[in-house]
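Here's the structure we're looking at; comments come further down.
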Amino acid sequence: MYNITFIPGDGIGPEISVATKRVIEATGVDIRWDIHEAGQEVFEKEGTPLPQKVIDSIEKNRVALKGPITTPVGMGFRSVNVTLRQNLDLYCCLRPCKTFKGTRTRYEDVDLAIIRENTEDLYAGIEFEKGSEDTKKLIDFIIGSTEKIIRPDSGISIKPISVYATERIVSFAFEYARKNKRKKVTAVHKANIMKCSDGLFLETARNVAKRYPDIQFEDRIVDNMCMQLVQKPELYDVIVLPNLYGDIISDLAAGLIGGLGLAPGVNLGEEVAVFEPAHGSAPKYKGLNKVNPLAMILSGVMMLRHLGEIEAARRLEGAVASVIEEGRYVTYDMKPTPDDPTAATTSMVADAIIEKLT
Ligand code: NAD
């Protein structure tokens, strides 16, 4: 039996979590779910959106399955997702983006693995608020030491990129490529403009690449990468990026395979793995039993593989693939138009998958 930490999340989280739990249970794999809440409602009750007991549970079980959690914009608590990644040192976010037959998308045969550094860059949380004493000191220091102008009414976010974190993520990308018989790793950056941060990322990536002569290596500037992916995604294979570009390109890649409702993911550390869909909590759809549960279900497939339950993972993925190919029990986002009256509900998708499994 496996002990798995289960965080349903908020917004659409609880409904896709129920669907995911049901289909995983239908595979017959014996799991004891250690269920925990996190987010806005917990913040109101306990004064923190991420109680220590949630982190303790993940550390103990080493594997978690998580629904999306809303982050208040501009003010309020810091992102639970970012805090989790930093507290547990989940340094890698892996998002495989593969087209399923029958999906309505502009592209066929997309098969990308997006590997995003998760701990630093502009997500490091080093922020200086407009008008604060520290911000004034920082601005004075920058003007004094660089002679660059920063307006006094500026807010500042710091972008640290280290050799340590870059070596770790790029090595992961190459190891992933080897293990999964992939041919090429592409590193993405804006080193022409941010020489000290992205320049260091690129230089470090090139050094790591020398240790993997069996895997092809190339780099792309992030704006060019966006255009290339939209025009010819089939040219790319494993893509490794710093945190912010990774966030953006992950959503772009999700768009290539039919939308966020189909894009699974995992945040990995040395010891711990937290599986979660690429999308957020889509609050406007909360409680409607309407959204696509497949991104979270496919995250569950990744989790089963991680646990070594290869046969169960294969069966569940096969059931998902056949439900998609039949095209009947799929949600509104996978129908020809979003108001298609034949769109299935979230729970109907789970029912259809379970029927294939049993
Ligand atoms: P979102 O991913 O929640 O939703 C954007 C749009 O994508 C939705 O309006 C919907 O049209 C579509 N969509 C998303 N998931 C879908 C699904 N399962 N099925 C069908 N359509 C789907 O992005 P957002 O609106 O920018 O973010 C909402 C909240 O989620 C924010 O607070 C954000 O911080 C948070 N967020 C959390 C995570 C996480 O928990 N890991 C990730 C991203 C965003």
Side-chain angles (χ1 to χ4, degrees), residues 6-20 23 36-43 49-50 54 58 64-86 88 90 92-95 97 103-105 114 116 118 123 125 243-244 246-255 257-268 273-300 302 320 324 329-335 337-340 343-350:
F6 192 70
I7 305 170
D10 56 28
I12 56 168
E15 49 212 276
I16 57 172
S17 293
V18 168
T20 302
V23 300
H36 286 276
E37 302 295 336
Q40 180 70 39
E41 281 180 24
V42 179
F43 179 68
L50 183 62
V54 185
I58 301 174
L65 184 58
K66 173 186 165 298
I69 296 176
T70 308
T71 304
V73 176
M75 52 202 295
F77 57 81
R78 255 193 95 206
S79 162
V80 169
N81 309 303
V82 175
T83 310
L84 254 186
R85 290 167 203 164
Q86 286 174 351
L88 293 167
L90 302 173
C92 170
C93 177
L94 164 66
R95 287 176 177 163
C97 285
T103 312
R104 242 164 264 279
T105 154
I114 310 290
R116 163 187 175 190
N118 245 351
Y123 282 68
N243 211 335
L244 179 63
D247 188 15
I248 298 166
I249 299 272
S250 292
D251 272 32
L252 191 157
I257 59 155
L260 280 170
L262 281 160
V266 59
N267 294 296
L268 291 161
V274 178
F275 294 82
E276 64 173 343
H279 62 72
S281 58
K284 69 178 176 191
Y285 293 105
K286 176 182 174 176
L288 301 180
N289 191 24
K290 183 174 173 174
V291 295
N292 195 342
L294 292 180
M296 190 162 176
I297 291 174
L298 290 168
S299 305
M302 291 173 75
V320 168
I324 294 175
Y329 293 108
V330 294
T331 45
Y332 72 97
D333 54 311
M334 299 184 70
K335 291 285 184 180
T337 59
D339 56 357
D340 190 315
T345 61
T346 308
S347 43
M348 281 161 77
V349 176

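Only heavy atoms go into these numbers, but all of them, side chains included; no hydrogens, no water, no symmetry mates. Atoms within a ligand are numbered from 1 in the order they appear, just like the ligands themselves.
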Applying side-chain hydrogen bond (donor to acceptor under 3.5 Å, both in side chains) to Lys335 and not counting sequence neighbours gives Thr342

Quick look: Lys66 vs ligand 1, heavy-atom contacts under 4.0 Å, and the answer is side chain

Interfacing atoms of ligand 1 (cut-off 4.0 Å, heavy-atom, [X]):
X      : result
Thr70  : 32 (O)
Leu260 : 2 (O), 7 (O)
Asp333 : 20 (C)
Val291 : 17 (C), 18 (N), 19 (N)
Lys284 : 9 (O)
Asn81  : 37 (C), 38 (C), 39 (C), 40 (O), 41 (N)
Arg85  : 41 (N)

Min N/O separation Gly67 to ligand 1 under 3.5 Å: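 Such a contact does not occur with ligand 1.
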
* Asked: N/O to N/O below 3.5 Å, does that happen between Gly261 and ligand 1?
  ->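 Looking only at distances, the answer is no, because the N/O contact criterion of under 3.5 Å is not met.
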
Note: heavy atom closest to atom 4 (O) of ligand 1, options Ala38, Ala282, Ala278, belongs to Ala282

For His279 and Asn292, work out which heavy atoms get closest and say how close.
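In this case the closest contact between His279 and Asn292 is NE2-O, 4.5 Å.
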
**Cation-aromatic face contact Lys66/Phe275, 6.0 Å, 45 degrees** = no

If you count heavy atoms of other groups shown closer than 6.0 angstrom to CZ of Phe6, is the number above 12?
yes

Checklist line | side chain to side chain contact (heavy atoms under 4.5 Å, CB included) involving Thr83 - partner list, sequence neighbours excluded | finding: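 Checked Thr83 against side chain to side chain contact (heavy atoms under 4.5 Å, CB included); matches are Leu50, Arg78, Asn87.
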
